[in-house]
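See structure below.
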Number of protein chains: 2
Amino acid sequence: MARKPVQQRAKATVDAIVEAGFIAMAERGPAATTTRQIADIAGVGVGSLYEYFENKEEIFQVMSERFVADTIAMIQPLIPTIVRKPIKEAVLDLLGHFRDFLQANNERYLKCARYAMALDFEQHVEPLQKTLSELVTQYLMHHPETLKIRNIPTMSYIMINGGIYSVVRHLCDPAPPITFDELAGGLADMVSHYTEREMALVESQ
Amino acid sequence: MARKPVQQRAKATVDAIVEAGFIAMAERGPAATTTRQIADIAGVGVGSLYEYFENKEEIFQVMSERFVADTIAMIQPLIPTIVRKPIKEAVLDLLGHFRDFLQANNERYLKCARYAMALDFEQHVEPLQKTLSELVTQYLMHHPETLKIRNIPTMSYIMINGGIYSVVRHLCDPAPPITFDELAGGLADMVSHYTEREMALVESQ
DNA sequence: ACGCTTGTTCGGTTTCAATTCGGAAAATTT
DNA sequence: AAATTTTCCGAATTGAAACCGAACAAGCGT
């Protein structure tokens, strides 16, 4: 940011710019969004963008940060309740909230997530990974019998990455071959069956 | 294509252009690749591009088609052998070949796949989906006991999408938290545990 | 009310990449 | 070997978008 906004008015402008960034991004994708579009949507002049952002890239950076922060803010408060549920319900619950979150504001974040998969989405996304790992850890703590499962980091990796991608892809698909509930149920079954089978295997040793 | 190449020389030019497209794409991503770069890498003049392609977009289209065709050509011959293996080995085998395929030619297709996730690359990818569905179907035919599993379409959807994404993401990650073998093993366990548990559930009814 | 700081605008400049075009060179045909 | 077709080229054109900066406007302390 070239300059910090000090007055209330200026803060509103910065907000409007970031807001407009999301809208433009959702409409046309990141490559096709221009500074003029962002400025028009925000209802400010193009020059104003450069008062608070070094360049277009920085707008995207701030958007990315906000996206991740919002996602974490969505998940954090869910942890205490989710952690106490049986595994299947826990997954379904989390996925439901995730879908609602992606679809809020006219699917703003869904459309962003779609492009974010390609963008340099690695740096900013780390805190999100951490939050999800935290969720898994806490879940395991509340269900000590699951601690015997092998390869927990691997399974977390698969379910987090594969799960997020499946959901985003499904929600983006105008004619998906299965319903969202089927997908969510499938993911929940996947996790629960896996844990059950693993626990059975450990038991039998 | 604006014009069809008739002479041998011209066919080589077209090939060089598409080839150069992959190299440029892998280096900088699709948004940042310019016609000049492609032409330079291909060792032809910029004008030559427009002899055989209407515009830059068409070059990407042809690349996309070739990518999908190559992927299918990689998978098709594997089907007969994979289909006869136990589920875990089958998954491991397929994933191993998939990794080798993505990493060939200096990771050309891996780098493309990374960006392809965002691009509107859905149309061309349909034949690939079909091939993978075919693989699943044939597998089920060779293992009749698995036909009782519920939600096969849903599980295919999850494993195909989630699996592909996990692998691509993992291979792109310079410092992955787990090894590729762990990931592949995890995916294989996921599938095998799921099928075992499902079959046990069906049995007990 | 007045001067100073902060905020905004708008037109202009610059940069840069896609595409065109006309002609030269190579291959093919007659 | 002349004529014709195909191929190749790269300077020039075009258009669009990023970015700048001088001038105008709004807030704010005194």
Side-chain angles (χ1 to χ4, degrees), chain A residues 1-64 112 115 118-120, chain B residues 1-65 112 115 118-121:
Chain A
M1 258 190 221
R3 202 157 51 80
K4 281 276 173 69
V6 316
Q7 297 178 8
Q8 198 55 42
R9 181 169 65 124
K11 289 197 181 86
T13 301
V14 171
D15 245 35
I17 290 170
V18 176
E19 190 78 2
F22 279 115
I23 294 169
M25 169 88 128
E27 271 175 12
R28 299 166 167 274
T33 51
T34 69
T35 51
R36 186 161 307 260
Q37 276 171 22
I38 294 176
D40 285 351
I41 295 172
V44 303
V46 202
S48 296
L49 305 192
Y50 294 92
E51 286 294 319
Y52 307 104
F53 301 92
E54 277 302 325
N55 49 42
K56 191 169 70 158
E57 198 50 41
E58 200 175 303
I59 299 176
F60 285 121
Q61 295 236 338
V62 172
M63 283 167 54
S64 169
C112 289
Y115 297 111
L119 233 57
D120 284 327
Chain B
M1 259 189 219
R3 201 158 50 80
K4 280 276 172 65
V6 317
Q7 297 178 9
Q8 198 54 42
R9 182 169 62 127
K11 288 197 181 89
T13 301
V14 171
D15 247 35
I17 291 169
V18 177
E19 190 77 2
F22 278 116
I23 294 169
M25 169 88 126
E27 272 176 10
R28 299 166 166 274
T33 52
T34 69
T35 51
R36 184 159 308 254
Q37 277 172 21
I38 294 176
D40 285 351
I41 294 171
V44 304
V46 239
S48 297
L49 306 191
Y50 293 89
E51 292 292 324
Y52 307 105
F53 301 91
E54 278 301 326
N55 48 43
K56 192 171 72 160
E57 196 52 39
E58 201 174 302
I59 299 176
F60 285 122
Q61 294 237 336
V62 172
M63 282 166 55
S64 170
E65 279 158 24
C112 289
Y115 297 112
L119 232 58
D120 280 327
F121 162 60

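Throughout, protein chains are lettered first and strands after them, A, B, ... in sequence-line order, and every chain is numbered starting at 1.
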For [X] and [N], what is the distance between atoms [atom1] and [atom2] respectively, to the nearest whole Å?
X	N	atom1	atom2	answer
B:L49	C:dT19	CG	C1'	10 Å
B:D40	D:dG10	CG	P	10 Å
A:F53	C:dT8	CZ	P	12 Å
B:Q37	C:dA18	CD	C1'	13 Å
B:R3	D:dC8	CZ	P	8 Å
B:K11	D:dC8	NZ	C1'	17 Å
B:K56	C:dA17	NZ	P	9 Å
B:F60	C:dA17	CZ	C1'	13 Å

Next on the checklist: Taking the minimum atom-to-atom distance to the side chain of A:T35, which one of D:dA18, C:dG7, C:dT19 wins?
Outcome noted: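 The answer is D:dA18.
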Next on the checklist: Measuring from the side chain of A:T34 (C-beta onward, heavy atoms only), which nucleotide among D:dA18, D:dT6, C:dA18 has the closest atom?
Outcome noted: D:dA18
To the nearest 0.5 Å, what is the distance between [atom1] ([X]) and [atom2] ([Y])?
X	Y	atom1	atom2	value
A:E51	A:T13	CD	OG1	10.0 Å
A:I59	A:S64	CD1	OG	13.5 Å
A:I41	A:E27	CD1	CD	5.0 Å

Checklist entry - Between A:Q37 and A:R28, does a side chain to side chain contact (heavy atoms under 4.5 Å, CB included) hold up when you go through it step by step? => result CA-CA 10 Å; A:Q37 276 171 22; A:R28 299 166 167 274; 3.4 Å; yes
Contact between [X] and [Y] at the side-chain level, heavy atoms closer than 4.5 Å - yes or no?
X	Y	answer
A:Y52	A:E58	no
B:R36	B:D40	yes
B:F22	B:I38	no

Item to check | Contact under 4.0 Å: B:T13 side-chain N or O vs D:dT7 OP1/OP2 | outcome: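 For B:T13, the contact criterion (side-chain N or O under 4.0 Å from OP1 or OP2 of D:dT7) is not met.
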Item to check | Terminal axes of the helix from C:dA1-D:dT30 to C:dT30-D:dA1 (five pairs each): angle between them, nearest 10 degrees | outcome: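 Answer rounded to 10°: the end axes differ by 10°.
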Next on the checklist: For A:R36 and A:G45, find the nucleotide of DNA chain C closest to each by heavy atoms; which residue's nucleotide sits nearer the 5' end?
Outcome noted: A:G45
Checklist outcome for this item: For B:A10 and B:P5 the tightest heavy-atom approach is CB-CB, 3.5 Å
Checklist entry - Any idea which heavy atoms bring B:V62 and B:F53 closest together, and the distance? => result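 Taking B:V62 first and B:F53 second, the nearest heavy atoms are CG2-CE2, 3.9 Å.
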Next on the checklist: Within the 4.0 Å limit for protein heavy atoms, which parts of nucleotides 20-30 of chain C are touched? Write it as a string from 5' to 3', B for base, S for sugar-phosphate only, - for none.
Outcome noted: B-----SSS--
